[in-house]
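Structure first, commentary second.
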Amino acid sequence: MDRKEHWDDVYRAKAPDQLTWFQPRPETSLRLIEEANVGPEARIIDVGGGTSSLTENLLEAGYHQLTVLDVSGAALEVCRQRLAGRAADVEWIEADLTCFEPSRPWDLWHDRAVLHFLTDPEDVRAYRKSMLRALAENGQAVIATFGPQGPKRCSGLDVQRYGADSLSEAVGPEMELVESRLDDHVTPTGASQQFLFCRFRRL
């Protein structure tokens, strides 16, 4: 099964609030984006956005140049339906991040949980290349992965867990680590998962 087929099946099998990564409000991501101090005019891309509520929260906060990218068209459609009329204010891109060709630069790259599914070093390098092509000069990235004590598998797939140092190595020397924090995410079934959140600035 290829990556797109796998994630389409995942998103079709469960309602958004039944998925392990569901958050009613993505507090840590919103806090780190606010701390990036990019302002409401910033061009923000949420990669692997899936059915996340990040986009609607950013719209409510006044950001208006938003892009959501996901390999799963099924996930994007769920998010578009939820946003209803506001969906027209967002750019939607269905693409595999490892072969994504950006059409223009963005000021901030947000990723909560794409990178940790890329366990092949070649895919990690492709991710880094896509991010660097997509980021504007002095752009920033907010990236979240499973932390050192996080799960070893998710959605039937092996994952790569990260600490701040190993995540910095994965994104490459072009990106400077500004801040990092560990968060415990509680899933809809009550389980706890450790996440690492890092904010980087392009050098």
Side-chain angles (χ1 to χ4, degrees), residues 10-11 14-70 72 75-76 78-84 86-87 89-90 92 97 106-117 131 135 139-151 154-155 159-164 167-168 171 175-201:
V10 167
Y11 283 107
K14 292 183 178 181
D17 61 0
Q18 296 176 329
L19 297 165
T20 58
W21 51 87
F22 171 73
Q23 295 176 298
R25 180 177 168 85
E27 297 286 359
T28 304
S29 290
L30 290 167
R31 190 178 312 123
L32 288 170
I33 292 171
E34 182 180 358
E35 290 171 6
N37 198 30
V38 291
E41 301 293 328
R43 296 159 296 178
I44 298 175
I45 182 169
D46 183 20
V47 300
T51 57
S52 167
S53 64
L54 178 68
T55 299
E56 57 209 86
N57 279 279
L58 289 174
L59 286 169
E60 289 166 3
Y63 295 90
H64 56 87
Q65 296 196 70
L66 304 178
T67 302
V68 180
L69 179 149
D70 203 282
S72 170
L76 294 177
V78 169
C79 200
R80 280 195 293 260
Q81 292 293 328
R82 189 175 69 237
L83 284 172
R86 292 182 297 171
D89 298 326
V90 178
W92 306 91
L97 196 53
W106 284 269
D107 301 303
L108 190 140
W109 169 284
H110 176 269
D111 165 19
R112 180 179 177 264
V114 173
L115 181 56
H116 68 209
F117 282 109
M131 180 180 65
L135 270 179
Q140 297 185 63
V142 173
I143 300 175
T145 68
F146 284 135
Q149 304 303 317
C154 182
S155 296
V159 298
Q160 176 65 52
R161 298 181 294 182
Y162 286 94
L167 185 55
S168 294
V171 301
M175 302 296 292
E176 174 189 24
L177 178 63
V178 178
E179 58 179 313
S180 67
R181 64 187 73 183
L182 292 171
D183 248 11
D184 289 324
H185 166 66
V186 179
T187 72
T189 60
S192 181
Q193 298 177 333
Q194 186 190 65
F195 270 79
L196 170 73
F197 281 80
C198 290
R199 179 164 65 91
F200 297 91
R201 179 179 292 111

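At least one side-chain heavy atom of F197 sits less than 4.5 Å from a side-chain heavy atom of R112. Looking at heavy atoms from C-beta onward, E41 lies in side-chain contact with Q65 at the 4.5 angstrom threshold. Proximity of L32 to E179: side-chain heavy atoms (C-beta onward) are separated by under 4.5 Å at one or more points.
S52 and R82 make their closest contact through O-NH2, 2.9 Å (heavy atoms, listed as atom of the first residue, atom of the second, distance). Here the shortest heavy-atom pairing between L135 and Q140 reads CD2-O, 3.3 Å. Closest approach of G49 and V68 over heavy atoms only: CA-CG1, 3.9 Å. Considering every non-hydrogen atom in both G62 and P40, the closest pair reads O-CB, 3.4 Å.
Under the side chain to side chain contact (heavy atoms under 4.5 Å, CB included) rule, D111 has a single partner from V142, I45, I143, L97, which is I143.
Here the CE-CH2 distance, from M131 to W106, works out to 13.5 Å after rounding to the nearest 0.5 Å. Distance CH2/W21 to SG/C154: 5.5 Å, rounded to 0.5 Å. The structure places CD1 of I33 at 5.0 Å from CG of L54, a figure rounded to the nearest 0.5 Å. Separation of atoms CZ (R199) and CD (E176) is listed at 10.0 Å; rounding is to 0.5 Å. Once rounded to the nearest 0.5 Å, the distance linking CG of L83 with CG of D89 reads 9.0 Å. Note that CG of D46 is 8.5 Å distant from CG of D70, once rounded to the nearest 0.5 Å.
Counting heavy atoms of neighbouring residues, nucleotides and ligands inside a 6.0 Å radius, atom CD of E60 exceeds 12 of them.
Taking the six-membered ring for Trp and the full ring otherwise, F146 and Y162 have centroids separated by 6.0 Å or more.
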